[in-house]
Amino acid sequence: MKKSLLFSACSIALYSTATLASTADNVQQSLSLFDNVQQQTLLHSDRHTVVNASDINPVSNEEVIALRQQLTTAPDGAEIIIANGDYSQLGEVIITANNLKIQARQPGKVVFSGLVQLVVKGDDVSLDGLVFTNGGPAERFGGIKLMGDNNRLVNSTFKDFNHDYPYEPDEAREEYPRYLWLSIWGKNATVTHNRFEGKLKRGTLIGVQKDGTPDNHVIEHNIFYNMQPNQFNEFAIEHAIRYNANSWEAIRIGDSKASQFPSNTSFSHNLMVGMDGERELISVKSGHNKINGNTIFESSSMISLRHGKANEVSNNIILGNGKNLTGGIRVYDEDHVISNNFIRGLSGKDGGIKGNADLRGAIVINTGIIDVENNEQLSEKVKGKELNKQWTPKNITVSHNSLIDNQWGIIHGDQVHRVSLFNNDEVENIFAGDNIHFKANFVYAPKPDAVALKTNQKYPLTRSTYEQEFYVGQVDNQAKVNGFNTEIPKQDNVGADLTKLSLVTADEAGPSYVFK
């Protein structure tokens, strides 16, 4: 595939991989696929209406009070159309009605600035066309808390929503506060065609708070853009850097205490550009989730299967474009499937935060602190092996992935484990991944400073299998791997099936407007 075919001069790039795959070898084509993508190509769309912030007039304090009253006293089944304007300092607003529609008169022209939090306790509530900017959450769980069931956030924007709330390190540990932008507490939420841009202070952008039952959320076709840490010198406090560098995820699905329960959340077909918060971009802390069909571009972070079982990571396109600290997918816990991902141009190794498990290869199978080969488990009842620790990977399938021109391809992890986020002492007993199955992966890393496969001499994988594996480039500790090929494969059933891959752009993701 020639670079000249990748883009037209006047439109968003369209990759017709299905057509190309029928005329060219799948593996050969992958060597140059997506090698000329740019941010503007992904983020621009002719479908956008441009909304300028300077054109939005502030409403009176009486109008702010009237809107708050209307939202808090709305009856079931009401439809609230909000007039255009900037509603400043709305504060906490508790919405209890069911089957409620809250919509901007014109999408993108209803702005909530200052401190605000919409607490949606009702069911079947829709929030449509709203903008949150030039302010911050009135409480740390976000500008919106979706508490009820079957609620929807659509066609809305969070932009530079970092201000007005207290943001200083505490006295106990000099730890900075964590403020979310959106938290989801109920069931069956839909978050689609929104844009989240410019999160610059500590705190997960979207947090899924779960219990022991499935959540069934759909988080799809959103744009995540420009998340940058340490803009307020949070990392300057050396003894606190490990925890102040934590909790900058774009999304966290679950938490450690509920991690062994299924969430059944779909995080799919989202566009993520310049999301540099921390090592965990998509932090999965629950089970049975699908991370599918996303495009991740120039983001110094990783998809992280941190806790929870039976998650699927498939058909994602991850493009580092040579940016420092870019990574792919890292794995803990059990029963995951990682398949048909295309990962190119990563330039990450170690994230540089002292004491953190921060290897950033294309696919990283980490070590853990429990002996899963003999069915040891993490448990809140066992001191030192609680659920927030590292569950050793087991029963993982890694198949049909194309890893092209990455500094590190597949890594069998060799990390140092710490007692806790607040205790830097090392854990003594470490265990390698068990029953890991590699099949038909194509790793192409021909550059002298690149590594196709980095095995772990001290903690070799146990009961691992290799079938139709192709590693072009340096392979460390070859004796630890029981079989692989070192040439570019001739057959088309190796590496990612390109017909299942599609770049996500602003043509299909994000709101109908762009707020500037």
Side-chain angles (χ1 to χ4, degrees), residues 114-117 132-143 158-183 196-207 209 224-252 255-256 272-283 285 296 298-304 306 323-327 330 347-360 388 415-425:
L115 292 178
V116 58
Q117 184 179 70
F132 295 75
T133 190
N134 293 329
E139 185 265 346
R140 75 179 192 90
F141 278 103
F158 280 76
K159 186 176 189 291
D160 302 328
F161 194 57
N162 302 300
H163 308 294
D164 290 0
Y165 57 88
Y167 193 68
E168 296 290 339
D170 65 21
E171 294 182 1
R173 287 193 295 248
E174 294 192 87
E175 179 179 3
Y176 278 83
R178 295 170 289 172
Y179 275 69
L180 287 71
W181 278 4
L182 168 66
S183 60
F196 304 94
E197 177 180 349
K199 194 171 197 307
L200 304 181
K201 286 184 177 178
R202 188 171 181 236
T204 304
L205 198 159
I206 297 177
Q209 314 297 127
F224 296 80
Y225 176 49
N226 188 30
M227 187 172 184
Q228 302 296 325
N230 201 30
Q231 301 301 298
F232 296 84
N233 296 315
E234 293 93 342
F235 299 175
I237 308 169
E238 185 173 354
H239 70 270
I241 191 171
R242 283 192 65 214
Y243 40 89
N244 281 330
N246 195 38
S247 297
W248 298 80
E249 307 96 327
I251 181 169
R252 172 183 44 76
D255 56 34
S256 59
M272 314 185 84
V273 178
M275 298 295 289
D276 300 338
E278 59 150 279
R279 61 195 176 279
E280 293 188 298
L281 174 66
I282 303 166
S283 180
K285 296 185 176 182
I296 301 172
E298 291 187 354
S299 294
S300 298
S301 196
M302 304 180 76
I303 298 173
S304 177
R306 181 62 181 86
K323 182 176 176 177
N324 191 33
L325 300 183
T326 46
R330 73 170 188 163
S347 187
K349 285 185 177 181
D350 187 337
I353 302 298
K354 182 179 178 181
N356 282 346
D358 213 3
L359 295 177
R360 301 197 186 193
N388 64 350
Q415 69 189 70
V416 173
H417 295 264
R418 306 291 175 173
V419 171
S420 75
L421 190 62
F422 307 108
N423 185 335
N424 210 36
D425 293 339

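- Between Phe235 and Trp248, the two ring planes are perpendicular [angle over 60°; tilted spans 30° to 60°].
- The CD1 atom of Ile237 sits 4.5 Å away from atom CD of Glu174, with the distance rounded to the nearest 0.5 Å.
- For the pair Glu280 and Arg330, the salt-bridge criterion is met [side-chain N within less than 4.0 Å of a carboxylate O].
- Ionic pairing of Glu175 and Arg202 is present here: one or more N-O contacts between side-chain nitrogen and carboxylate oxygen are shorter than 4.0 angstrom.
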Practice problem: Give the C-alpha distance, both sets of side-chain angles, the deciding distance and a yes or no for side chain to side chain contact (heavy atoms under 4.5 Å, CB included) between Ile282 and Met272. | Solution: CA-CA 10 Å; Ile282 303 166; Met272 314 185 84; 3.9 Å; yes

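- Judged purely by atom type and a 3.5 angstrom limit, Glu234 has no side-chain atom pairing as donor or acceptor with the backbone of Lys201.
- With Ser183 contributing its side chain and Phe141 its backbone, the two residues share a donor-acceptor pair below 3.5 Å.
- Of all heavy-atom pairs between Asp160 and Trp181, the closest is N-CH2, 4.0 Å.
- Distance alone, capped at 3.5 Å, is enough to place a donor-acceptor pair between the Asn244 side chain and the Tyr176 backbone.
- Atom CD1 of Ile296 and atom CE of Met302 lie 10.0 Å apart (nearest 0.5 Å).
- Ring geometry, Tyr167 versus Phe232: the interplanar angle exceeds 60°, so the pair is classed perpendicular (tilted spans 30 to 60°).
- To the nearest 0.5 Å, the span separating OG on Ser283 from CD1 on Ile251 amounts to 9.5 Å.
- With a 4.5 Å cut-off on side-chain heavy atoms, Ile206 and Phe224 count as touching.
- Side chains of Glu249 and Met275 form no contact here, defined as non-hydrogen atoms less than 4.5 Å apart.
- No donor-acceptor pair closer than 3.5 Å links the side chain of Asn388 to the backbone N or O of Ser256.
- Using a 4.5 Å heavy-atom threshold, the side chains of Lys199 and Phe161 count as separate.
- Between Leu325 atom CG and Ser301 atom OG the span is 10.0 Å, to the nearest 0.5 Å.
- The ring pair (Phe, Tyr, Trp, His ring centres under 6.0 Å) search around Tyr179 returns Tyr165, not counting sequence neighbours.
- Of the inter-residue distances, the one linking Leu180 atom CG with Leu205 atom CG reads 8.0 Å to the nearest 0.5 angstrom.
- Between Glu168 and Pro166, the closest side-chain pair of non-hydrogen atoms is not below 4.5 Å.
- Between the side chain of Thr326 and the backbone N or O of Ser347 there is at least one donor-acceptor pair closer than 3.5 Å.
- Among pairs with a residue in residues 132-143, those fulfilling side-chain hydrogen bond (donor to acceptor under 3.5 Å, both in side chains) read Gln117-Glu139, at least two apart in sequence or across chains.
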Quiz item: Going through the distances and angles, do Ser300 and Arg360 end up as a side chain to side chain contact (heavy atoms under 4.5 Å, CB included)?
Solution: CA-CA 9 Å; Ser300 298; Arg360 301 197 186 193; 4.1 Å; yes

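- In this structure, CG on Asn162 lies 11.5 Å from CD on Gln228, to the nearest 0.5 angstrom.
- Under a 3.5 Å cut-off, the side chain of Glu197 and the backbone N or O of Asn226 do not form any donor-acceptor pair.
- Using a 4.5 Å heavy-atom threshold, the side chains of Tyr243 and Arg178 count as separate.
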